[in-house]
Participant: 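My questions will all concern the structure given below.
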There are 2 protein chains.
Amino acid sequence: MLKISELAAQTGLSAHTIRFYEKHGLISASERSEAGYRYYSDADIRRAEFVKTARNIGFSLDDIGQLLSIRLDKDSHSCQEVTDITQHKLDEVNGKIAELKIMQQTLQRLLDSCGGGPEDATHCSIIEALEEGDVASTVSARNGGHS
Amino acid sequence: MLKISELAAQTGLSAHTIRFYEKHGLISASERSEAGYRYYSDADIRRAEFVKTARNIGFSLDDIGQLLSIRLDKDSHSCQEVTDITQHKLDEVNGKIAELKIMQQTLQRLLDSCGGGPEDATHCSIIEALEEGDVASTVSARNGGHS
DNA sequence: TATAAGCTTAGAGTTGGCTCTAAGGTCAAT
DNA sequence: ATTGACCTTAGAGCCAACTCTAAGCTTATA
Ligand SMILES: [Zn+2]
Ligand SMILES: [Zn+2]
Ligand SMILES: [Zn+2]
Ligand SMILES: [Zn+2]
């Protein structure tokens, strides 16, 4: 049985974050001392580490909640459900990468067009490009949302 | 002279957003009617379009503020300052891309390891990987901050 | 002149994931 | 017995960039 700060040390999550995750149903302490102190069992620790791993990969807390409920009752969930969550996340990540690559290209082109020297910005090609709006590849999807 | 909704139509920004940008010093109306209505001159419109273009590229409002003050007094700013802002942004973008690529690889590997069929998740390799924490390439930089 | 569309303001709400505070109770070591 | 480290809670605050509301004033059209 670990106390919260010990679980924090083990997982690398802060005690604050552990309580925050508990409030959101991700982690719980299967025991409490008389004074209300949280005590974490081996199963609790494994669950916390599952959460930590999933978070490191980039899953949202909501995704993690779904993955945890699958983990809790594997028999009544399919692999399909797991890959759906994973694929959905991958799509999201791929979308963001695509957006960022457009930004990257635009920024790189701007940098290439301007030496960046100590001369004044009167004829700076970056400022000019921004003024003329002819920055070509602008990002179409400004929000990160999806269906 | 355009009214706010006309400027909104021209720039594709909402009237709300234009007022929000004004509150943050990015856009202003050089005239007001007696009743307080905003009226935008050609120079105002060009400035608003500059802001819009910079935002589309992905610059933060803070970056845009700096770019605008360079634009306002080009003589006393160098190209160096402009490329610094741009390079800084590019570094940020490259950092995010790197993070996302790690997520992408991990997710793809997980998907490859699990067929995603209708069988139950008892032996799901994705769930197992999360349980064992051996997900290899985890993302080190979780926050987007930098010096 | 009446109706509707459009404008004004200050300020609150949204998103996701923390992060921290205040005010107090508990526990181990000296 | 007293320090000091640790624990508890509810709830506020933070970040960026919006997004929206409420309540009231103005303007154009019929
Ligand atoms: Zn010159
Ligand atoms: Zn330049
Ligand atoms: Zn089986
Ligand atoms: Zn599977």
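Here the structure is a predicted model, which is why all the values come from computation and not from measurement. In what follows, chains are A, B, ... by sequence order, proteins preceding strands, each numbered from 1.
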Participant: Run the side chain to side chain donor-acceptor pair (under 3.5 Å) test against B:D42 and tell me which residues pass, sequence neighbours left out.
Facilitator: none
Participant: Using heavy atoms and a sub-4.0 Å distance, could you list which residues of residues 4-13 of chain B are near DNA chain C? By number, please.
Facilitator: B:I4, B:S5
Participant: Test side-chain contact (heavy atoms from CB on, under 4.5 Å) on B:L100 and B:Q104; report intermediate values, then the result.
Facilitator: CA-CA 6 Å; B:L100 286 167; B:Q104 183 192 46; over 6 Å; no
Participant: Between D:dA16 atom C1' and B:K96 atom NZ, what is the distance in whole Å?
Facilitator: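 Those two atoms, NZ and C1', are 10 Å apart.
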Participant: With sequence neighbours excluded, tell me which residues meet side chain to side chain donor-acceptor pair (under 3.5 Å) with A:K101.
Facilitator: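 For A:K101 there are no side chain to side chain donor-acceptor pair (under 3.5 Å) partners, ignoring immediate neighbours.
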Participant: Hey, does the side chain of A:R19 come within less than 4.0 Å of C:dG17's phosphate (OP1/OP2), counting only N and O?
Facilitator: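 Result: no.
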Participant: Could you pull out all residues at least two apart from B:K89 that satisfy side-chain contact (heavy atoms from CB on, under 4.5 Å)?
Facilitator: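 By the side-chain contact (heavy atoms from CB on, under 4.5 Å) rule, B:K89 matches A:M103, A:L107, B:F59, B:D63, B:E92, B:V93.
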Participant: Restricting to side chain to side chain donor-acceptor pair (under 3.5 Å), what partner residues turn up for B:S125, sequence neighbours left out?
Facilitator: B:S113
Participant: With sequence neighbours left out, write down each residue that passes salt bridge (Lys or Arg N to Asp or Glu O under 4.0 Å) with B:E6, or none if nothing qualifies.
Facilitator: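 Checked B:E6 against salt bridge (Lys or Arg N to Asp or Glu O under 4.0 Å); zero matches.
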Participant: To the nearest Å, how far apart are A:R38 CZ and D:dT8 C1'?
Facilitator: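 These atoms are roughly 7 Å apart.
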Participant: Which of these nucleotides, D:dT19, C:dC18, C:dT8, is closest to any side-chain atom of B:F20?
Facilitator: D:dT19
Participant: Under the salt bridge (Lys or Arg N to Asp or Glu O under 4.0 Å) test, which residues partner A:E132, sequence neighbours left out?
Facilitator: none
Participant: Rounded to the nearest angstrom, tell me the gap between atom CG in B:N56 and atom P in D:dC18.
Facilitator: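 Atom-to-atom, B:N56 to D:dC18, this comes out as 10 Å.
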Participant: Whole-Å distance between D:dC20 C1' and B:K23 NZ?
Facilitator: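 The distance from NZ of B:K23 to C1' of D:dC20 comes to 11 Å, rounded to the nearest Å.
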Participant: What's A:S14 touching, base or sugar-phosphate or nothing? Going by heavy atoms closer than 4.0 Å.
Facilitator: nothing
Participant: B:I18 has an atom CD1; how far is it from atom P of D:dC20, in whole Å?
Facilitator: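 Atom-to-atom, B:I18 to D:dC20, this comes out as 15 Å.
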Participant: Side chain of B:L61: nearest nucleotide among D:dC18, C:dG11, D:dT8?
Facilitator: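 Closest nucleotide to the B:L61 side chain: D:dC18.
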Participant: Just how far, in rounded Å, is P of D:dA16 from CZ of B:R55?
Facilitator: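 Going from B:R55 (CZ) to D:dA16 (P), I get 16 Å.
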Participant: Donor-acceptor pairs under 3.5 angstrom involving side-chain atoms of residues 18-26 of chain A: please list them, not counting sequence neighbours.
Facilitator:
from	atom 1	to	atom 2	distance (Å)
A:E22	OE1	A:R38	NE	2.8
A:E22	OE2	A:R32	NH2	3.3
A:E22	OE2	A:R38	NH2	3.3

Participant: Mark yes or no for whether A:D84, through its side chain, and A:E81, through its backbone, hold a donor-acceptor pair below 3.5 Å.
Facilitator: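 No; judged by distance alone, with no hydrogens or angles, the pair does not exist.
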Participant: Grab the CZ-P distance between A:R32 and C:dT26 for me, whole Å please.
Facilitator: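 My rounded result for the distance is 14 Å.
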Participant: Using a cut-off of under 3.5 Å, enumerate the N/O to N/O pairs linking the protein to nucleotides 22-27 of chain D.
Facilitator:
from	atom 1	to	atom 2	distance (Å)
D:dT26	O4'	B:Y37	OH	3.3

Participant: Which nucleotide, C:dT9, C:dC18, D:dT8, lies nearest any side-chain atom of A:Y21?
Facilitator: C:dC18
Participant: Round to the nearest Å and state the distance from A:F59 atom CZ to C:dC18 atom C1'.
Facilitator: 20 Å
